[in-house]
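What follows is a short report on a single structure.
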Protein chains: 2
Amino acid sequence: MQAGREFLMKETDLDNGHGTVKERILKEALYLFSERGFEGTSLQSIADAVGIQKPSLIYHFPSKEDLRRHVLESLVAYWKNELPRILTPADSSSDRLVSTMTSLINFFVEDLNRARLVVRELLDRPEETFALLSEQFSPWTRLIGDYLRMGQQSGLYRKDVAPELFIVQVLVMVIGTVAIGGATSGLVSTESYTPRGLLIKELVRIVQASLYSEQP
Amino acid sequence: MQAGREFLMKETDLDNGHGTVKERILKEALYLFSERGFEGTSLQSIADAVGIQKPSLIYHFPSKEDLRRHVLESLVAYWKNELPRILTPADSSSDRLVSTMTSLINFFVEDLNRARLVVRELLDRPEETFALLSEQFSPWTRLIGDYLRMGQQSGLYRKDVAPELFIVQVLVMVIGTVAIGGATSGLVSTESYTPRGLLIKELVRIVQASLYSEQP
DNA sequence: CCTACCGATCGGTAGG
DNA sequence: CCTACCGATCGGTAGG
């Protein structure tokens, strides 16, 4: 049952500085799924990128669908850890809303594949992704919504902000900007992609201008 | 050469109230490409949706790639006609920027597949789509940019708006909201998709609040 | 617009 | 983790 298993493994199965084979599969799958889409990515191409044979890949993840779920779960897991940390800050002086958005932006800018993958999931499996977001994150967004309402009462935030809708829009704007902002900037430039930083800066301006009350 | 061609056609080749076969292929392809992606859509599935055989489809569009280009071109053609009409209005009293955004929103809300398809193109072929947007629309967005700058000088618009970046962000927000807003609303709701109208309304609020100067 | 067909590639299995 | 293999489906062609 377990005897001889080591015999079947190759050196690549060990951590060789690029992570375990399983980790490398997840990394290459994230990259390829986000770049070419789930349907546009063959198991063969993932195996090639990792440097193994296709059946070896299936040894680690029994099916393509199983691999997809694990890739997605690695993103979900990050935020299930991060949100409690961000939303219960030691210093209450900073604006939780802005710091959450900053974390959101950093997360997606750090690896553009993440934003592309999430957008693709929302397009390919809207109901399923809706359910996942709802199950995993709606308690946290409810908290943010309450926080926003408190800020409205204190006069910090505009009264015309619709808390829940605003939160959804911020996510749409952030992942939209990271995932398709570069290519969309063809609208205004003949040269090359507008630097991501500039788009993000204008995005932050838009969010803040539509959130904070004016203090003349 | 041309003799006998009619003999080969079936009645479905004529306009039977649902449009010509070619139009129906384009319509079903737009739907399926937007719903499942280009790679996720087989020619067989399109042929089935239209009610013809696969080789008949290839008679109308010599390759899948050719079909994709024609589907995309139908969207581009619409805006090449529409933009001149919107941006040279008879009554100059209305805000061209807002009326353009309204047209944009109406266009994508009218058929959600359009927004999904554009987002998929931006993800699947970023460089190509960048070039297409640049070639087809950058003169028009330049015009809108100039108009925006004039409004800034007259005090109508905020001085901190970055005209070109703002235009790109508005497009990202509009197509993002229409394409993935519904599924993203899982963040704040356990029930069902947030009505699209509410998301659009908050989007318009955000755009206006971040565009117009305050007039207290 | 259809029937008949093709080579290539797909996700996945058997078995070691 | 690999070799050998499988049925199904892919985009596309020949020919009428």
Side-chain angles (χ1 to χ4, degrees), chain A residues 1-29 32-33 35-71 124-125, chain B residues 1-29 32-33 35-71 124-125:
Chain A
M1 216 74 162
Q2 59 181 358
R5 223 206 130 243
E6 303 89 315
F7 174 75
L8 295 172
M9 298 192 296
K10 295 291 152 62
E11 50 188 317
T12 45
D13 203 17
L14 305 169
D15 191 317
N16 60 9
H18 300 287
T20 66
V21 169
K22 200 156 190 169
E23 288 166 347
R24 286 163 55 208
I25 293 172
L26 285 171
K27 186 182 153 197
E28 297 295 345
L32 289 168
F33 286 163
E35 204 78 4
R36 311 178 189 175
F38 182 72
E39 296 292 343
T41 303
S42 63
L43 292 179
Q44 187 64 62
S45 68
I46 300 172
D48 288 348
V50 176
I52 58 176
Q53 296 303 314
K54 192 172 61 169
S56 309
L57 195 160
I58 289 175
Y59 162 76
H60 289 286
F61 299 94
S63 72
K64 195 184 181 187
E65 173 64 16
D66 184 76
L67 177 54
R68 185 186 69 79
R69 269 195 289 263
H70 276 88
V71 169
D124 290 346
R125 275 163 286 274
Chain B
M1 217 73 159
Q2 59 179 1
R5 221 202 134 246
E6 303 91 316
F7 174 74
L8 295 173
M9 297 192 296
K10 295 291 152 60
E11 51 187 317
T12 44
D13 202 17
L14 306 169
D15 191 318
N16 60 8
H18 300 288
T20 66
V21 169
K22 200 155 189 166
E23 288 168 346
R24 286 163 55 207
I25 292 172
L26 285 170
K27 185 182 154 197
E28 297 294 345
L32 289 168
F33 286 163
E35 204 78 4
R36 309 179 189 175
F38 182 73
E39 295 292 342
T41 304
S42 64
L43 292 178
Q44 187 65 61
S45 68
I46 300 172
D48 289 348
V50 176
I52 58 177
Q53 295 303 315
K54 192 173 60 169
S56 310
L57 195 161
I58 288 174
Y59 162 76
H60 289 286
F61 300 94
S63 72
K64 195 184 181 186
E65 173 64 17
D66 184 76
L67 177 54
R68 184 186 69 79
R69 270 194 290 263
H70 276 88
V71 168
D124 289 347
R125 275 164 287 274

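Proteins come first, then strands; the chains are lettered A, B, ... in the order of their sequence lines, and each starts at number 1.
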Task: Any side-chain heavy-atom pair of R36(B) and D124(A) under 4.5 Å - done: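 No; the side chains remain at least 4.5 Å from each other.
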
TODO: Determine whether I46(B) and T41(B) make a side-chain contact, defined as any pair of heavy atoms from C-beta on separated by less than 4.5 Å.
DONE: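 With C-beta onward as the side chain, the pair touches.
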
Between [atom2] of [N] and [atom1] of [X], the distance in whole Å:
| X | N | atom1 | atom2 | result |
| --- | --- | --- | --- | --- |
| L57(A) | dT13(C) | CG | C1' | 15 Å |
| I52(B) | dC1(C) | CD1 | P | 6 Å |
| Y59(B) | dG16(D) | OH | P | 17 Å |
| I58(B) | dC5(C) | CD1 | C1' | 13 Å |
| D48(B) | dT9(D) | CG | C1' | 13 Å |
| L43(A) | dA8(C) | CG | P | 21 Å |
| K54(B) | dC2(C) | NZ | C1' | 13 Å |
| L32(A) | dC10(C) | CG | C1' | 16 Å |

TODO: Salt-bridge test for R69(A) and E65(A): reply yes if a basic N is under 4.0 Å from a carboxylate O, no otherwise.
DONE: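 Result for this pair is yes, salt bridge flagged.
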
TODO: Scan every strand shown for a Watson-Crick or G-U wobble partner of dT9(D), both distances under 3.5 Å, and answer none if you come up empty.
DONE: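 Across all strands, the one nucleotide that pairs with dT9(D) is dA8(C).
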
Open item on the list: When both hydrogen-bonding distances must be under 3.5 Å and the geometry is Watson-Crick or G-U wobble, what is dG16(C) paired with, if anything?
Closed with: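 The base-pairing partner of dG16(C), which may sit in any strand shown, is dC1(D).
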
Open item on the list: Using a 4.0 Å heavy-atom cut-off, does T41(A) contact any base of the nucleic acid, only the sugar-phosphate backbone, or nothing at all?
Closed with: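 The residue T41(A) makes sugar-phosphate contact but no base contact.
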
Task: Side-chain N,O (S42(B)) to OP1/OP2 (dT9(D)) below 4.0 Å - done: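 So the side-chain polar atoms of S42(B) never come under 4.0 Å of the phosphate oxygens OP1 or OP2 of dT9(D).
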
TODO: Identify, between Q53(B) and E65(A), the residue whose nearest nucleotide on DNA chain C lies closer to the 5' end.
DONE: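 With Q53(B) and E65(A) compared, the 5'-side residue is Q53(B).
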
Open item on the list: Taking the minimum atom-to-atom distance to the side chain of K64(B), which one of dA4(D), dC1(D), dG11(D) wins?
Closed with: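 Selected nucleotide (nearest to the side chain): dG11(D).
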
TODO: Indicate the atoms forming the closest heavy-atom contact of V71(A) with A29(A), along with that distance.
DONE: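 Reported closest heavy-atom pair: CG2-CB, 3.8 Å.
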
TODO: Please say whether the positively charged group of R68(B), taken as NZ for Lys or CZ for Arg, lies over the ring of F61(B), i.e. under 6.0 angstrom from the six-membered ring centre and within 45 degrees of the axis.
DONE: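 That pair does not qualify as a cation-pi contact.
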
